[in-house]
Amino acid sequence: MAFSGAKIIQPLPLHTTIRSPNNPLLFDPFTSSPFLGSTRTLRLSQSISASQRRCASHIVAVSDVFKEKKLKSNTNLLLTKEEGLQVYEDMILGRAFEDMCAQMYYRGKMFGFVHLYNGQEAVSSGFIKLLKKEDSVVSTYRDHVHALSKGVPARAVMSELFGKKTGCCRGQGGSMHMFSAEHNVLGGFAFIGEGIPVATGAAFASKYRREVLKEADCDHVTLAFFGDGTCNNGQFFECLNMAALWKLPIIFVVENNLWAIGMSHLRSTSDPEIWKKGPAFGMPGVHVDGMDVLKVREVAKEAIGRARRGEGPTLVECETYRFRGHSLADPDELRDPAEKARYAARDPITALKKYLIESKLANEAELLAIEKKIEEVVEDAVEFADESPAPSRSQLLENVFADPRGFGIGPDGSYRCEDPKFTEGTAQV
Amino acid sequence: SPNSLPHSTPFSIKSTNTHKNQKTFLNLSAPLPLLNKSIPKSYKLTFGFHFEFPHLLIFHNPPFFFNFKKMASIFQGVGTATTLSSSASFDSNKFHPSSRRSLSERKVSFLVVRSDAAKMNPGLNKIGGRADQLVTNAVATKPDTSAASTAASKSGHELLLFEALREGLEEEMERDSRVCIIGEDVGHYGGSYKVSKGLAPKYGDLRVLDTPIAENAFTGMGIGAAMMGLRPIIEGMNMGFLLLAFNQISNNCGMLHYTSGGQFKIPVVIRGPGGVGRQLGAEHSQRLESYFQSIPGIQMVACSTPYNAKGLMKAAIRSDNPVILFEHVLLYNLKETIPDEEYVLNLEEAEMVRPGEHVTILTYSRMRYHVMQAAKTLVNKGYDPEVIDIRSLKPFDLHMIGNSVKKTHRVLIVEECMRTGGIGASLTAAINENFQDFLDAPIVCLSSQDVPTPYAGTLEEWTVVQPPQIVAAVEQLCR
C-alpha cells in the first residue's frame with residue numbers, strides 16, 4: 001500500500017476558510033428571492049439577512065473555537081451531570097449492543113450482512129442526543145446504534161436482527177433497514193448514498209410544513225449519517241447542491257472511518273478532506289474529532305441550531321474509526337494493526353469516562369451502575385428476541401402495498417386483497 | 001350479415017365515460033403520430049371523412065377487391081359459431097350503447113366521485129385524514145343505469161390531454177395542500193409539455209419545485225418527503241430520464257413500505273412522457289414500463305385519452321401506493337370533451353373501448369389509436385374486434401380481460417414495448433396461466449422491434465406496430 005496509516009495519526013490540521021470579500025459568492029442567497037410564492041421566506045430572509053451574511057462568510061472548524069474556550073476556563077463545564085450520564089449511557093448501550101450482536105451472529109441467531117458500530121459511538125451519541133423526537137435520522141447499513149440513540153427500544157432492534165415479528169420492522173427489514181415511524185428513524189439503507197436523498201426529502205418536508213402548510217413551529221431537522229466512501233457518490237453531491245440551494249434543515253454527518261470495506265479513503269478520493277466539499281456548495285464544512293464525544297456535541301449544537309433557525313445545511317466530517325471489520329463477515333486483514341491500536345487508545349467511551357471522573361461530574365460507582373444496567377437491558381433484549389415468534393406465512397405480502405388494492409383485480413372480479421389467503425403468497429398474483 | 005354490424009358512426013372511440021355521443025378527435029393541428037403522407041384527394045372523397053392514417057390506404061394490400069359475398073359467408077359462419085359458444089347473458093341488445101356502458105360502468109362508477117352522489121367524506125379533505133375506501137366488493141354494486149346516464153352532465157368542456165392532466169393536478173393540489181410537484185422545469189417553465197403550466201404562480205415555488213438536473217436525488221427527495229407525510233408528484237421530463245432514478249424507484253419507492261414493516265407509506269406519483277415519438281432518437285423514445293414492471297410495491301398505469309388521463313392522475317395522487325403514470329409524447333394534444341363534475345377513475349381497472357365478439361385486442365397508450373384505426377378496417381372487412389385499453393399495466397385487470405377472453409376466445413396484444421420482456425410478454429403469460437381453457441388459439445402479441453428506436457422516419461415507423469400489421473394479425477387469428 002502506497003499510503004501507510006502513519007499519515008493519519010495526527011488529527012487533521014484545523015483549517016479556517018474565510019470567504020473573503022475578494023471572492024464573493026456568485027449567487028448571493030440573501031438578496032435574491034428564489035421563492036416567489038411564499039412571502040414568509042422573504043420576510044425571514046430580509047430580517048435576518050445581515051446576521052446570516054455574517055455567519056455564512058466565516059467557515060470555521062468549530063473545534064478550533066472549542067479548544068480556545070476550554071483553555072480559557074475550566075470551571076465552565078461542557079455538559080451537566082445529567083447530560084453527561086445520558087451520553088455515557090447511550091454510548092455504553094451502543095457498544096454493549098454491538099458486542100452482543102457479534103456474539104449472536106457467531107451463535108447463528110442472525111444472518112446476512114451485519115455491520116457494527118464499535119468505536120464510532122461518539123458520533124451517534126454526540127449528535128442524536130441533541131435531537132427532539134420529531135427530528136429525523138437517516139442512516140446507512142451501520143444503523144443499529146443510530147436507531148438506539150434515537151430511542152428505538154433495544155428489544156425491538158434485537159428482534160429485528162433475529163428476524164422475528166416483534167422487530168421494529170416486523171422482521172422484514174433486517175440489520176440494514178432499521179425504521180421507526182414513532183422515533184422518526186427513516187432507515188437503514190443497504191446501498192450507500194441511497195439514504196441521502198431521502199434525508200433531503202425529510203428536510204424538504206420540514207421546510208414545506210413551515211412555509212406552505214404554515215405550521216409555524218415546525219423546525220424539525222434531519223441528520224443524514226453516511227461514510228467516507230459515500231462522499232464519492234453522485235447522490236451525495238446532488239443532495240449537497242439541493243440542500244444548500246433551498247436552505248434545507250439538514251445536517252450531513254460524514255463518519256469518516258477511513259475505510260470503505262477494504263478501500264482506504266486516501267486511495268479512492270482525490271481530495272480526502274471531505275469537509276472542504278461543503279463550502280464548494282455554499283454551506284459550512286466542519287471537521288471534528290469524531291472520537292471525542294464532547295467535541296462532536298459542540299459542533300452538533302452549532303449545526304443543529306443553524307438548521308433550526310432556517311440558515312441551511314451543514315457538512316460535518318467526523319474523523320472516527322471502526323474497531324471491528326466492515327461487517328461480521330469481513331476478516332479485516334488489510335488495516336494496519338498499529339493504526340487500530342492508535343485509535344483503540346482513543347476509545348470514546350474511556351475518554352468520556354475519564355472526563356466525567358476528572359471533572360467530578362460522576363464517580364466510578366455511578367458509571368459502573370450504568371454499565372450494569374445496560375448489560376441487563378441488552379440481555380433482556382436478547383431474551384425477548386429469542387422468545388419472540390418468527391413471522392407467520394400470512395405476513396408475507398401484507399406490507400407490499402400501503403393500499404392493498406394495488407394487487408389488482410382477480411379473474412373473479414373481486415380485489416385480490418379480499419381473499420383472506422392472499423397475503424400468504426399462495427394466491428396467483 | 002355485414003349489415004348487422006354495430007359500426008355506423010364515423011371514426012370514433014367508444015369510451016366508458018358518461019357521455020352519450022362521445023367523440024374523441026385527434027387534434028388536426030398537432031403533429032400526426034404517423035408519417036404525414038399526403039393523401040390523394042380521391043380517397044378523401046370516397047370515404048367521406050378525414051382519414052387520420054392516410055398511408056393505411058396506400059399500404060393496405062389487397063384492399064377493396066374482395067369477393068364480398070364470400071367474405072359475408074365466412075363471416076356468417078364465424079359469427080354463428082361464436083354466437084353459439086358465447087354465454088347466454090348476452091342478448092340481442094348486446095350492441096346497444098347504454099347496456100354496453102352499464103357493464104363497464106359498474107366498475108367505473110365504483111370509485112367515481114359524483115356530484116350527485118353522496119358528497120365526499122369531509123374527512124378526506126382534512127390534512128392527514130383519509131376516508132377509508134377499503135373495497136368490500138369490486139363488482140357487486142349495481143348502480144342504477146338510468147341514474148348514471150341522467151346524472152352525467154349534458155355539457156362537458158373540451159380540452160387537450162395535457163390540459164386534462166393539468167386539471168387533475170390542479171384539482172388535487174387545491175384539495176390537499178400536501179400535494180406538491182417536483183421536477184425539472186415544472187415551475188417557471190410550466191412543464192416541458194405544459195402539464196404544470198400556471199401552477200407555480202398560483203401555488204408558489206415550493207409547491208411546484210423546479211429542481212436541478214439530478215433525477216436520482218430529487219426522486220429520492222420526493223420519496224423522503226412522502227415518508228414524512230407529503231404527497232409529491234415527481235415528473236421525469238422524459239420517462240427515459242427516470243433510468244437515472246432507477247435506484248430510488250426500485251430500492252426506495254417500491255421497497256420502503258415493506259422493509260419498514262408498513263411504518264412508512266410512499267404515496268408518490270411518478271409521471272412523465274415516454275414512448276416512441278416522432279424521430280426523437282433512441283434515448284428519448286424509451287418504454288420504461290417494461291423495465292419497472294418487476295418492481296414489487298409499485299403500481300403502473302398508462303393514460304390514453306384526456307378523460308382517463310385526468311381520472312388516473314387524480315386516482316394516482318389519492319392513492320397511498322407509489323404509482324407510475326405513463327403518458328405518451330404523441331398523445332398530449334388529443335382533444336376530448338370531459339365532464340365538468342369531478343371524477344376519479346379506478347387505478348386497477350381496464351377500459352372497454354369497443355365491445356366485440358370475434359377477437360379480444362388488448363392494448364394501451366398510443367397503440368390504442370393504432371388498434372382503433374385497424375378496427376375500422378377490420379369492421380369493414382366483417383370482423384368484430386373487442387378492444388380493451390388495459391390502462392393498468394401493473395397489476396393487470398384480469399377480470400375484464402378474462403371476461404373478454406371467455407367471450408371471444410382469441411387474444412391479440414398490441415403494445416409499444418419491445419418484444420423481449422415487455423408488458424405484452426407478461427400479459428401473455430398471465431392470460432395463458434389464468435384463461436388457458438378459454439383460448440381457441442395461441443395468444444398473438446404484437447410489440448415493437450427489439451431495437452433502439454432509429455432516428456430515420458421510415459425505420460422508426462417500422463419499429464412500432466402499425467395498423468396493417470394489426471389487421472393482418474386479426475385475420476390470421478380468426479382464420
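So that the names make sense, note that chain A is the first sequence line, chain B the second, and so on, each numbered from 1. A quick note: this is a predicted structure, and the numbers were derived from the prediction, not measured.
For B/I266, no part lies under 4.5 angstrom from a heavy atom of chain A. Using a 4.5 Å cut-off between heavy atoms, A/V185 touches chain B through its backbone atoms (N, CA, C, O) alone. Neither the backbone nor the side chain of B/S392 comes within contact range of chain A, judged by heavy atoms closer than 4.5 Å. With a 4.5 Å cut-off on non-hydrogen atoms, A/F237 does not touch chain B at all. If you measure heavy-atom distances from B/F435 to chain A, the contacts under 4.5 Å come from the side chain alone. Of the two parts of A/F401, the backbone and the side chain both hold a non-hydrogen atom closer than 4.5 Å to a non-hydrogen atom of chain B. At a 4.5 Å heavy-atom cutoff, the contact between A/S136 and chain B is made by side-chain atoms alone.
By the 4.0 Å N-to-carboxylate-O rule, B/D176 lies close enough to B/R178 to be salt-bridged with it. Under 4.0 Å is where a charged nitrogen must lie from a carboxylate oxygen, and between B/R318 and A/D403 no such pair does. Salt bridge status for A/R209 with A/E134: absent, with no side-chain N to carboxylate O gap under 4.0 Å.
No side-chain donor from either of B/Y189 and B/E184 sits under 3.5 Å from a side-chain acceptor of the other.
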For this session: Evaluate ring-ring contact (aromatic ring centres under 6.0 Å, His included) for B/H409 paired with B/F438, printing each intermediate quantity in order.
Result: CA-CA 6 Å; B/H409 313 291; B/F438 298 97; 7.1 Å; no

Problem set entry | Steps toward side chain to side chain donor-acceptor pair (under 3.5 Å) verdict (A/S175, A/H144) | CA-CA 7 Å; A/S175 164; A/H144 308 167; 2.9 Å; yes

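Under a cutoff of 6.0 Å and an axis angle of 45°, A/R155 and A/F384 form a cation-pi pair.
When the candidates A/G408, A/C239, A/A205, A/A181 are compared by the number of heavy-atom contacts under 4.5 Å with chain B, A/A181 comes out ahead. Annotation: maximal heavy-atom pairing with chain A below 4.5 Å, among B/T219, B/L398, B/T259, occurs at B/T259. Options B/M228, B/Q299, B/Q263, B/M227 differ in how many heavy-atom pairs under 4.5 Å they form with chain A, and the most are formed by B/Q263.
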